[in-house]
Amino acid sequence: MDLAAGPLPPHSAARECLGGFIHGGMVCKLQTRCRGKLGQAGIMKKTMDRWNGPRRQERHLRAAAAVLALACAQASGFAQSQHAVFFRGLPGSFGHLEQFDLGAALPAAQPLGQAPVRLLPLETNGRTELSRGDPSVPWRYDDVPAASRIRLPAGRGSLYHHEQDLGGGARAFGFFLVDASGGVRLLIERKGTGPLHDQNPFHGRVGGSRDGRSILCATTLAAGGDLLEIDLDSGVVSDRTATLPASDWLPQSLHLGPKFGIAMHTQGAASFSRDPGALAVPLAFPAPAPTWFSGEVALAARGTFAAFVAGSTALTADVYVLSVDGLLARATTQPAAISPAGYLPEQIDGPFLAVADDGSACAWRTEGTTREAFLARVPWQSTPVSAQLTADTLFTDTIDEVGQFGFRPNGGFVFTAGERDLAAGGVDKIDIFRAVLPAGAPTPTLQNLSMSSGVLNPPYLVPGTIRPEGALDMAGAGGRLLLDSDQEELVWMASGGGPGQVLLADVKSFEGVEFSGGTWVLSLRRSSGNQPRQLHLWDGNPANALQLRHSTTSADGFESVSVRGSRLAFYERNLTTLELRAGDLTSGTLFPFPVQTPGFGPGIALGANGQVLVGLGAPPAAAVLVRWQPGSTPRRAGTASGPGFVLAGL
């Protein structure tokens with residue numbers, strides 16, 4: 001039988017397998033545009049355009065149907081218990097969560113109940129470009145159409161934000177977790193506020209702990225204005241502000257350190273011990289107490305101290321440092337227009353605020369015609385002492401942009417300085433500098449670590465030559481990885497200083513990074529030949545070369561690059577097709593999905609036993625959940641009863 005032409009037999013196994021895809025013996029075409037207003041206007045069209053691409057031909061789904069017909073029976077080759085979570089509905093609209101037990105021939109469960117569910121956008125605090133490859137930083141992923149998820153550290157799954165339709169216009173809102181096994185756990189849910197109970201009682205930003213065990217969320221003033229810490233293992237919700245008046249919390253201020261939490265509201269700030277039952281207490285500011293708060297917090301690398309900006313106005317603010325035991329010190333000597341902490345998605349070259357692990361030093365950036373970096377010894381027992389690192393006597397006035405602040409564990413403050421990129425924003429033509437402000441010394445000592453300008457010590461009269469595109473701080477490996485787009489070189493900058501070490505030449509763009517088990521998976525586009533897009537592995541050791549795992553000249557890019565243990569899966573998108581590939585990182589063996597260019601829904605979930613979970617059928621077409629062990633025959637779970645897409649845990 002020619003799978004690319006003609007109708008399928010009316011009683012074929014493919015008809016039984018794909019269910020809703022097949023009508024009257026014919027395989028339905030996938031639609032490539034959402035016509036009319038469905039779900040959230042505007043978001044819908046953007047989502048459809050992103051995930052569908054050009055129109056697929058009927059033959060693609062006929063081929064998919066034939067392959068899946070070989071596996072209509074429930075799979076028997078997956079011994080390890082695993083779940084899969086599927087959202088059944090259009091992006092941005094109400095639908096249902098379906099949870100499949102892949103180890104048993106059971107119908108899908110509805111872990112959030114039968115009330116329709118809509119997925120909502122969600123953000124986590126404290127992300128920077130430099131921390132993209134840090135496995136201890138909670139990270140936002142945009143592979144949930146019209147929404148997002150937060151992948152938690154330590155393999156603890158992904159956090160989702162949702163609302164449920166209770167009928168009569170009323171809504172319930174909350175957070176749920178998809179764990180590493182694909183199981184769903186409802187963490188918290190509350191009825192909406194307002195006359196119709198349809199307003200979200202939660203802010204759409206959370207603070208996450210670096211061990212992945214807890215999140216800090218806040219309710220709106222109308223919902224009680226509380227800080228709620230949720231233990232993701234036990235499900236215990238601790239109201240840290242039970243004895244405080246309702247407050248209008250600033251959602252970008254929510255942060256959890258290992259021993260304490262901190263948040264700010266429009267009138268003040270509070271901190272709390274993370275011990276069971278501990279309650280938040282207002283911070284006691286030295287006079288004059290601030291009345292304006294920037295709403296962003298910088299935690300020390302080990303989470304033992306916090307720094308934030310507050311004052312009488314945004315133009316007359318100070319930097320305050322908070323210790324783990326609640327002590328507060330003002331680090332600035334006079335008010336100024338001080339930059340916020342500088343996190344994604346609002347800022348691309350942050351952070352602009354940093355505090356040392358021992359609380360002895362703090363650094364910040366001021367705003368103005370030029371942006372300047374300051375370093376201070378924190379006055380726990382004395383008066384503040386600060387120094388302008390980028391003063392005109394130390395840097396020429398054309399070096400007018402600074403960012404990417406951080407304190408190194410072995411001492412010293414590190415920052416990036418260069419010229420302001422007026423077109424793209426951020427910093428350009430950079431070098432990386434280290435500064436130390438010794439006790440009793442009125443001026444700092446400065447050293448050019450990257451040395452692209454050729455000038456080691458001040459004054460720095462010419463800017464650096466590095467044009468950075470993407471940068472990763474890799475503290476465990478002792479340095480920074482970045483692409484110098486001017487030289488088209490992927491470069492390793494050792495934390496001890498010295499010229500960059502070229503790890504790979506002819507690199508046009510640095511397009512993404514994922515981390516798994518001590519290995520970084522780098523998505524790159526090369527500048528040589530036909531400019532292939534490639535996936536490389538790197539162990540963080542500059543003495544070891546990158547390992548090429550995949551290269552293609554036909555793809556416009558990689559999407560939903562997913563890694564778990566030694567397993568890798570990703571979509572390869574080009575003008576007319578979307579192809580799924582998966583396999584083993586260690587051996588480099590990658591398999592294409594056995595059907596050429598089927599329509600896939602967004603997102604990829606990787607099971608603990610190596611199987612790949614995807615939706616076959618891109619919204620708004622009907623979709624079926626497919627599980628695939630690379631190298632074997634794909635199998636379905638459930639039927640195609642409507643559009644949908646998979647929700648990932650890891």
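FYI, the numbering just counts along the sequence from 1.
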Task: Residue pair N125 / G207: nearest heavy atoms and the distance that separates them - done: ND2-N, 4.4 Å

TODO: Can you see which heavy atom on P468 is nearest to which on I430, and at what distance?
DONE: CG-CD1, 3.8 Å

- [ ] Indicate the atoms forming the closest heavy-atom contact of L353 with W364, along with that distance.
- [x] CD1-CB, 3.8 Å

TODO: Please test Y343 against E123 for side chain to side chain contact (heavy atoms under 4.5 Å, CB included), starting from the C-alpha separation and ending with a verdict.
DONE: CA-CA 11 Å; Y343 295 125; E123 181 59 89; over 6 Å; no

Open item on the list: Run F87 and Y160 through side chain to side chain contact (heavy atoms under 4.5 Å, CB included) and show every step you take.
Closed with: CA-CA 12 Å; F87 177 80; Y160 292 83; over 6 Å; no

TODO: Decide yes or no for L647 and V184: does some side-chain heavy atom of the first lie under 4.5 Å from some side-chain heavy atom of the second?
DONE: no

Open item on the list: As an exercise, state the distance from CG of L102 to CD of Q611, rounded to the nearest 0.5 Å.
Closed with: 5.5 Å

Task: Side-chain touch I604/V646, heavy atoms, less than 4.5 angstrom - done: no

- [ ] Side-chain contact test, heavy atoms from C-beta onward, threshold under 4.5 Å: evaluate it for Y571 versus D143 and give yes or no.
- [x] no

Task: Approximate separation, where rounding is to 0.5 Å, of L227 CG and L244 CG - done: 8.0 Å

Open item on the list: For D211 and R156: C-alpha separation, side-chain torsions, deciding distance, then whether salt bridge (Lys or Arg N to Asp or Glu O under 4.0 Å) applies.
Closed with: CA-CA 9 Å; D211 59 7; R156 293 188 170 272; 6.0 Å; no

Task: Donor-acceptor pair, side chain of S158 and main chain of G649, under 3.5 angstrom - done: yes

TODO: Give a yes or no on whether the backbone of L625 and the side-chain of E98 come within a donor-acceptor separation of less than 3.5 Å.
DONE: no

Task: Contact check, side chains of L481 and L503, non-hydrogen atoms, under 4.5 Å - done: yes

Task: Whether E469 side chain and F510 backbone form a donor-acceptor pair below 3.5 Å - done: yes

TODO: Give a yes or no on whether the backbone of L130 and the side-chain of D473 come within a donor-acceptor separation of less than 3.5 Å.
DONE: no

Task: Whether S214 side chain and S209 backbone form a donor-acceptor pair below 3.5 Å - done: no

TODO: Run through L613, V612, L568 and flag the one making a side-chain contact (heavy atoms from CB on, under 4.5 Å) with L606.
DONE: V612

Open item on the list: Quick one: does any side-chain atom of D357 pair with a main-chain N or O of A300 as donor and acceptor, under 3.5 Å?
Closed with: no

- [ ] Taking the side chain as every heavy atom from C-beta outward, state whether V561 and S523 have any pair of such atoms under 4.5 Å apart.
- [x] yes

- [ ] Indicate whether any N or O donor in one side chain lies under 3.5 Å from an N or O acceptor in the other, for R480 and Q404.
- [x] yes

Task: Side-chain touch F176/V85, heavy atoms, less than 4.5 angstrom - done: no

Task: Spacing of OG belonging to S587 relative to CZ belonging to R549, to within rounding of 0.5 Å - done: 7.0 Å

Open item on the list: Let's go through D231 and S238 carefully: what are the C-alpha distance in whole Å and the side-chain angles of both, what is the deciding distance for side chain to side chain contact (heavy atoms under 4.5 Å, CB included) to 0.1 Å, and is it a yes or a no?
Closed with: CA-CA 8 Å; D231 186 300; S238 300; over 6 Å; no

Open item on the list: Please verify the inter-ring angle class for F558 with F570; under 30° counts as parallel, over 60° as perpendicular, anything in between as tilted.
Closed with: perpendicular

Task: Among R171, K191, R190, salt bridge (charged side-chain N to carboxylate O under 4.0 Å, His left out) partner for E163 - done: R171

Task: Any side-chain heavy-atom pair of M493 and L449 under 4.5 Å - done: no

Open item on the list: Just so I know, are the side chains of E229 and F272 near enough to count as touching, which here means a heavy-atom distance under 4.5 Å?
Closed with: yes

TODO: Report the residues that fulfil salt bridge (Lys or Arg N to Asp or Glu O under 4.0 Å) with R132, sequence neighbours left out, ordered by chain and then residue number.
DONE: none

Open item on the list: What I want to check is whether the side chains of D584 and S566 have a donor and an acceptor closer together than 3.5 Å.
Closed with: yes

Open item on the list: With a 3.5 Å distance limit and no angle check, can you tell me whether T219 reaches the backbone of G225 through a side-chain donor-acceptor pair?
Closed with: yes

Task: Side-chain donor/acceptor of H255 to backbone N/O of V297, under 3.5 Å - done: yes

TODO: Report the distance from atom CG of L112 to atom NE2 of H96, rounding to the nearest 0.5 Å.
DONE: 10.0 Å

Open item on the list: To the closest 0.5 Å, what do you measure between CD1 (I150) and CZ (R140)?
Closed with: 7.5 Å

Open item on the list: Applying ring pair (Phe, Tyr, Trp, His ring centres under 6.0 Å) as the test, list every pair that has at least one member in residues 205-238; sequence neighbours left out.
Closed with: none

TODO: Return yes if some donor-acceptor pair links the side-chain N/O of R151 with the main-chain N/O of A648 below 3.5 Å, else return no.
DONE: no

- [ ] Take H162 and L186 through the test side chain to side chain contact (heavy atoms under 4.5 Å, CB included) and record every step on the way to the result.
- [x] CA-CA 10 Å; H162 73 282; L186 178 63; 3.7 Å; yes

TODO: Work out which heavy atom in F305 is nearest to a heavy atom in V355; give both atom names and the distance.
DONE: O-CG1, 3.9 Å

- [ ] Would you check if the side chain of R564 reaches a backbone N or O of L650 as a donor-acceptor pair within less than 3.5 Å?
- [x] no

- [ ] Could you tell me whether R205 and E346 have a side-chain N and a carboxylate O separated by less than 4.0 Å?
- [x] yes

TODO: Evaluate the ring planes of F405 and F352, with Trp represented by its six-membered ring, and classify them as parallel (under 30°), tilted (30 to 60°) or perpendicular (over 60°).
DONE: perpendicular

TODO: Can you see which heavy atom on V319 is nearest to which on V309, and at what distance?
DONE: CG2-CG2, 4.3 Å

- [ ] Identify the two heavy atoms, one from G607 and one from Q82, that lie closest to each other, and give their separation to 0.1 Å.
- [x] CA-NE2, 3.6 Å

Task: Gap between atom CD1 of I188 and atom CG of L177 - 0.5 Å precision - done: 14.0 Å

